[in-house]
Amino acid sequence: MRDVAVVGFAQSEHSFSDLGWTEADLVMPVVNEVLETTGLKRSEIGFTCSGSNDYLVGTPFSFVAALDTIGAWPPIAESHVEQDAAWALYEAWVRIQHGDIDTALVYGFGKGTVGDHVGISSLGYDPYYLAPLVPGHVAMAGLQARALKDAGFDVDPDPTAPPATDGAAAVILAAGDVARRVRARPAWITGIDHRIEPHSVGARDLTRSDSARQAAERAGVGSGSGAVDFAELHTRFDHEEVLLRRELGLDEKTVVNASGGPRKADPIMATGLIRIGEAAARIHDGSAGRTVAHATAGPCLQHNLVCVLDSEGQD
Amino acid sequence: MTTQASSASQTSDERVLHVLEFPGGYTRSTGPVIGRFLTGLRSGRIYGVRTPDGKVLIPPTEYDPVTAAALGAADEDWVEVGPAGTVTSWTWVDEPRGDHPLDRPFAWALIRPDGADTALLHVVDSGSKAAMATGMRVHATWRAERTGSVKDIAAFAPGEGPAEVPVLAGEAELEPVSVVTLPHRLEYRLRGGTVWNHFIDGMAVGQIRGTRCAACGKVYVPPRGACPADGLPATEWVDLPDTGVLTTFAVNNVPAAGAPEVPFISGYVLLDGADIAMLVLVSDVPWQDVRIGMRVRAVWVPEAERTRSVKNLKWFAPSGEPDVPYERFEEYV
Ligand SMILES: [Zn+2]
């Protein structure tokens, strides 16, 4: 494995109303900022990967409009996930592991303020058993909250969703010496993993998250050299923190979502990437030695990604 | 995602209502496992599928989520469950949406039918939140008109039953369910933003406006906030003439909203002074006479009828000038 670090992170001033920003308006400032903070030029980026969702704005291929901001012509090495950009970061990390490039730019953006979230999330479920009923993400979270409440956890069984948000975030990854050159204190990714559970929420024990626990074990949350100082968790609903603290093996000493977390700003498709960026920023600024970031997708924490960041590389 | 049909109209607060809709909905094959379950619902019965280790999954899946074993190939792998069951979790809805299964307050619930090891998501028509409890017993109530859909179960009701299933006329003659149709309609409320607003202000007076990149000088129309070549803001405004060259085109034989007639011609026009071709309609010319390199000019609606809309520009028509040699615009094709 090559040592790869988060060396730059920028996020927008998120908005809770539609300011009429285009995809380019959202993404360009954070891309420019993250390039400036690392001193890297667009031409020095080896790979670009983004995360977004066309249903958020009801426009096919909406990610293409954002490509203008990274200088996509003449053609560059670029990819896209129809998923939170935390997964775009995972793809970029894998791409750097190939060994032929040293840098990657990852960004995600979402306009949450213009659409119908219950309708949009329901279309993301299966078209046979779930989507025809239009349950939506809040009801799905409610089923999990109730299950936790029934199991004796001190949670609100009637969860509320975070406010709809427009925003974007960008991260730069760099390997080895490049990381050391562009950032005094790189946030080394010492472990990253993602796992998924059955789609059907009725086939799962909603008081557990096997996929979060497995991803945390494989990313090495519990096996590292030191305690976890800060954790940034993709908790759109309060009860999810209770569950994730247990599955990730975080104790009382770990400060969770010092940034405010997704409850304060939830620019869907960037929210998970922001967790990685915030966790890295605590290392960049010297306030932490070891942090954990988590991102999720699907109903009731179906798909979980865990990323462990450390001020020291592995070699 | 592709857009089958969309429409836009102005709302009172200056946002545009954008509707993304697939008339008739998406149709999908069910495959044998889901099809068998839905065929069962049409006949008023709930079937689960058995896994190799003896668990009964509801709703059935084609593969065991733990072992990935293929499920449901043999008749003996199928087992009728319910119709009564137990609520394993639930959440209350005070204000149902128009597309929800019930038009009065209800609970979403995970319901494990008797004889099954997993739970089905559906609605419980309990009348009040106070009447809901985890562990409560419920039974399916059925629609009279059943089509092979998860909505053939009208709702679950508190108690053991009776589980009366209204007769579905002519059911014996029906083919097994092999296709489902999912309606698809989403509403958005959009603001144009500064770039789009300035462009549309131009359209209101019959002026096509583009933006120029400060770094490379390229002119984009319709305007864009960023230059794809440099990744930098392209915010210098340029008024463009409404003449240009047709760089490519298609003859369309399927009617489309806004198109003059069938067949109609869509094409890319490189406006004079622009560095990107713009997608437009081409008309006032027999389709057999349309050619790449043809000089064209915009046809506008009369001044008195103009609104703040791209529809002011009806289409492009031949200008009568000599054709442009391909070499002069090949960079933009
Ligand atoms: Zn340029």
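Chain letters run A, B, ... following the sequence lines, proteins first, then strands; residues in each count from 1. These numbers come from a predicted model, not from an experiment. Because only heavy atoms are used, hydrogens play no part in the values below, and waters and symmetry mates are left out as well, while side chains stay in.
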Pick from [options] with the largest number of heavy-atom pairs that fall under 4.5 Å of chain B:
{"options": "A/Ala147, A/Ser43, A/Ala131, A/Pro127", "answer": "A/Pro127"}
{"options": "A/Ser122, A/Ala145, A/Ala139, A/Ala24", "answer": "A/Ala139"}
{"options": "A/Val201, A/Ile70, A/Leu133, A/Val118", "answer": "A/Leu133"}
{"options": "A/Leu67, A/Thr113, A/Asp158", "answer": "A/Asp158"}
{"options": "A/Thr69, A/Val31, A/Asp25, A/Asn32", "answer": "A/Thr69"}
{"options": "A/Gly136, A/Pro135, A/Pro198, A/Ser200", "answer": "A/Pro135"}

Is there a side-chain contact between [X] and [Y], using heavy atoms and a 4.5 Å cut-off?
{"X": "A/Lys149", "Y": "B/Thr134", "answer": "no"}
{"X": "B/Arg97", "Y": "A/Asp116", "answer": "yes"}
{"X": "A/Arg146", "Y": "B/Val87", "answer": "no"}

At what distance, to the nearest 0.5 angstrom, does [atom1] of [X] lie from [atom2] of [Y]?
{"X": "B/Leu38", "Y": "A/Tyr128", "atom1": "CG", "atom2": "OH", "answer": "9.5 Å"}
{"X": "A/Ile120", "Y": "B/Tyr188", "atom1": "CD1", "atom2": "OH", "answer": "4.0 Å"}
{"X": "A/Leu123", "Y": "B/Tyr26", "atom1": "CG", "atom2": "OH", "answer": "8.5 Å"}
{"X": "B/Thr91", "Y": "A/Gln144", "atom1": "OG1", "atom2": "CD", "answer": "11.5 Å"}
{"X": "B/Arg224", "Y": "A/Thr22", "atom1": "CZ", "atom2": "OG1", "answer": "10.5 Å"}
{"X": "A/Thr59", "Y": "B/Leu190", "atom1": "OG1", "atom2": "CG", "answer": "7.0 Å"}

Above 12 or not: heavy atoms from other molecules or residues under 6.0 Å from CG of A/Asp154?
-> no

Check the surroundings of atom OH in B/Tyr332: do more than 12 heavy atoms from other residues, nucleotides or ligands lie under 6.0 Å from it?
-> yes

If I compare all heavy atoms of [X] with all of [Y], which pair ends up nearest, and what's the gap?
{"X": "A/Leu19", "Y": "B/Arg191", "result": "C-CD, 4.5 Å"}
{"X": "B/Ala226", "Y": "A/Met28", "result": "CB-CE, 3.1 Å"}
{"X": "A/Arg42", "Y": "B/Gly231", "result": "NH2-O, 2.9 Å"}
{"X": "A/Val57", "Y": "B/His18", "result": "O-CD2, 3.9 Å"}
{"X": "A/Pro132", "Y": "B/Val150", "result": "CB-CG1, 3.9 Å"}

Option in [options] with maximal non-hydrogen atom pairs under 4.5 Å from chain A:
{"options": "B/Ala229, B/Pro65, B/Cys227", "answer": "B/Ala229"}
{"options": "B/Gly225, B/Gly193, B/Pro228", "answer": "B/Pro228"}
{"options": "B/Leu232, B/Asn197, B/Thr88", "answer": "B/Leu232"}
{"options": "B/Asp117, B/Ile34, B/Leu120, B/Val180", "answer": "B/Ile34"}
{"options": "B/Lys55, B/Lys129, B/Arg112, B/Arg185", "answer": "B/Lys129"}
{"options": "B/Arg28, B/Glu187, B/His122", "answer": "B/Arg28"}

With a 4.5 angstrom heavy-atom cut-off, could you sort out which part of A/Asp18 is near chain B: side chain, backbone, both or neither?
-> both

Heavy-atom contact with chain A under 4.5 Å, split by part of [X]:
{"X": "B/Leu121", "answer": "both"}
{"X": "B/Asp230", "answer": "backbone"}
{"X": "B/Ala107", "answer": "neither"}
{"X": "B/Pro60", "answer": "both"}

Could you label the plane-to-plane angle of the B/His184 and A/Tyr55 rings as parallel, tilted or perpendicular, counting under 30° as parallel and over 60° as perpendicular?
-> tilted

For A/Leu206 and B/Leu110, what are the C-alpha separation, side-chain angles and deciding distance, and is it a side-chain contact (heavy atoms from CB on, under 4.5 Å)?
-> CA-CA 11 Å; A/Leu206 294 180; B/Leu110 290 170; 3.7 Å; yes

Flag the pair B/Phe37 / A/Tyr129 as yes when their ring centroid distance falls below 6.0 Å, and as no otherwise.
-> yes

